Each structure stands twice: as structure tokens, then as C-alpha cells.
Amino acid sequence: MAAILAASRALSTTPACLAEAPCHAHNGRMAKRGPRSRSFMAEPEAPPRPCDQPGCPEPGEYRAPADRRRLNDYKWFCLNHVRAYNAAWDFYKGLGPAEIEHEIRSDTGWQRPTWPLGRLGSGRIDPALLRDPLGLFTYATSADMHRPSRQETPPELRAALDVMGLTWPTDQPVLKARYKDLAKQFHPDANGGNRDAEEKLKDINRAYSLLRKRLQERSAAPEAATAAAG
């Protein structure tokens with residue numbers, strides 16, 4: 001019992017500490033931060049070699065580019081000499097004003113070739129080089145760009161227009177000229193009585209009749225509106 005009471009008093013008067021962790025009072029001094037990283041640190045895998053500065057006996061643990069044309073070839077210096085080498089480094093040393101200007105302009109494009117805006121965009125893209133199922137890169141002539149879209153065509157006229165090979169909108173003279181060309185091309189007399197040509201001509205006649213009726217109605221509508229207003 002006496003041992004238990006002694007242990008209890010010891011726990012009540014001694015702050016609890018984690019195992020293997022040092023105990024510190026609440027107002028004790030905070031641990032100091034580690035040393036800050038230095039600007040010049042030795043290469044972790046630098047092979048043992050002397051400093052490239054003539055007459056320097058120190059080991060060359062710090063590398064620096066040999067020159068601006070060989071940025072991946074290095075010289076190896078001790079700490080003092082690599083600092084001096086970097087302080088005296090001039091990438092444009094030995095270049096004239098025109099050469100410096102050229103280097104600066106090349107740097108703005110990450111040393112990659114550039115060209116004036118639009119100079120290389122005037123050519124057509126070879127369809128064989130890309131897969132374009134949505135037709136995003138399909139080129140159109142200026143006439144196609146000003147042609148009404150397919151969505152503007154009345155749905156009931158689309159089949160007839162396809163048969164005639166026309167687009168909407170159209171007019172009576174264009175429709176009539178197209179009909180004459182197709183009738184001559186698919187007339188049975190011109191095809192030796194071919195049944196396919198005969199059926200095609202029937203489709204052409206039906207399409208022509210439908211389109212001619214719609215064009216007549218469209219041309220009559222403004223006249224009727226004018227007469228009603230008068």
C-alpha cells in the first residue's frame with residue numbers, strides 16, 4: 001500500500017511525458033530552427049576533382065556552365081571561385097548590338113522558330129492528316145460562306161431540293177433551267193428505255209412540281225400583302 005501511495009504522489013507532482021520524448025516546461029525555450037539553405041550547395045554526387053581555377057588547391061565541388069554555347073558542359077570550382085565566376089558571367093559577352101537583339105528576340109519565343117501572324121494560316125489542311133468527323137476544319141468558298149445554312153431550308157422541301165441538286169433559297173428561273181437539264185439527261189429516249197432513268201425522271205417531275213408550287217406561293221405572298229394594305 002505504501003508503494004502505491006508513493007507512486008501516486010510522484011505522478012501528481014511530475015508532468016507526464018511521452019515515452020522517449022524529452023520533457024519541457026510550458027515556458028521553456030523553443031527549439032531553434034535549423035540552418036537556412038545556402039545559395040551555393042555542393043553537388044551531392046560531384047566526383048572528386050580539383051578546382052578549375054588555375055593555382056587553386058581546393059576541390060571543385062560546384063559546377064558552372066563552360067560558356068553560352070555549351071550550357072550543358074561544366075567547369076568545376078570551389079565555393080569562392082564559383083561565386084566569382086557567376087558574378088562575372090555575361091551571357092552576351094563578345095556579341096555585337098545586332099547579335100544581342102537577335103538573341104533577345106529568340107528568347108521571347110523560347111528559341112523556337114516564329115513567323116508573322118497569318119502567314120502560315122492561308123493554306124489548306126490536308127484532310128488525310130487529321131480525323132475530322134464533325135467537319136470543323138472543312139474549308140468553304142466565299143459563296144458557300146454566304147449561302148444560307150441547311151437549317152434554314154423548309155423541312156418539307158429538303159428531299160425535293162436534293163433530287164434537283166439545288167439549295168434553298170432558289171427562284172423560278174434557276175429551278176426551270178435545272179429541270180430542263182435533268183429532264184434531258186434522264187429522258188427514256190436518251191437512255192435507251194432504262195427503267196432506272198425512267199424512275200429518276202418521275203422523282204424529278206414530282207420534285208419540280210413541289211418546288212414550283214412553293215415558289216409561286218412565295219412570290220404571291222408580297223403581292224397579297226400589298227393589296228390588303230391598299
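Fair warning: this is a prediction, and the values are worked out from it, not measured in the lab.
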Residue pair [X] / [Y]: nearest heavy atoms and the distance that separates them:
{"X": "Q185", "Y": "N191", "value": "O-ND2, 3.0 Å"}
{"X": "K75", "Y": "D52", "value": "CA-OD2, 3.4 Å"}
{"X": "L175", "Y": "L166", "value": "CD1-CD1, 3.8 Å"}
{"X": "E103", "Y": "F91", "value": "OE1-CE2, 4.3 Å"}
{"X": "P169", "Y": "R218", "value": "CB-NH1, 3.7 Å"}
{"X": "L201", "Y": "A183", "value": "CD1-CA, 3.8 Å"}

Could you check if a side-chain atom of [X] sits within less than 4.5 angstrom of a side-chain atom of [Y], using non-hydrogen atoms only?
{"X": "L210", "Y": "L157", "answer": "yes"}
{"X": "F186", "Y": "D196", "answer": "no"}
{"X": "R214", "Y": "P154", "answer": "yes"}
{"X": "L79", "Y": "E61", "answer": "no"}
{"X": "Y92", "Y": "I104", "answer": "yes"}
{"X": "C78", "Y": "C56", "answer": "yes"}
{"X": "Q172", "Y": "Q216", "answer": "yes"}
{"X": "T153", "Y": "T167", "answer": "no"}

Report the distance from atom [atom1] of [X] to atom [atom2] of [Y], rounding to the nearest 0.5 Å.
{"X": "C51", "Y": "H81", "atom1": "SG", "atom2": "NE2", "answer": "5.5 Å"}
{"X": "L211", "Y": "W168", "atom1": "CG", "atom2": "CH2", "answer": "7.0 Å"}
{"X": "R178", "Y": "I204", "atom1": "CZ", "atom2": "CD1", "answer": "8.0 Å"}
{"X": "L161", "Y": "R158", "atom1": "CG", "atom2": "CZ", "answer": "10.0 Å"}
{"X": "R63", "Y": "R49", "atom1": "CZ", "atom2": "CZ", "answer": "10.0 Å"}

> Is R206 salt-bridged to D203, cutoff N-O under 4.0 Å?
Replying inline: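 Yes, charged N to carboxylate O under 4.0 Å.
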>> For Y62 and F77, I'd like to know if the aromatic rings sit close, meaning centre-to-centre distance below 6.0 Å.
In response: no
>> Checking R70 against D67 for the salt bridge (Lys or Arg N to Asp or Glu O under 4.0 Å) test, could you report, in this order, the C-alpha distance in whole Å, the side-chain angles of both residues, the deciding distance, and whether it holds?
In response: CA-CA 5 Å; R70 298 181 299 154; D67 57 54; 3.0 Å; yes
> Parallel, tilted or perpendicular: which describes the rings of Y74 and W76, with under 30° parallel and over 60° perpendicular?
Replying inline: perpendicular
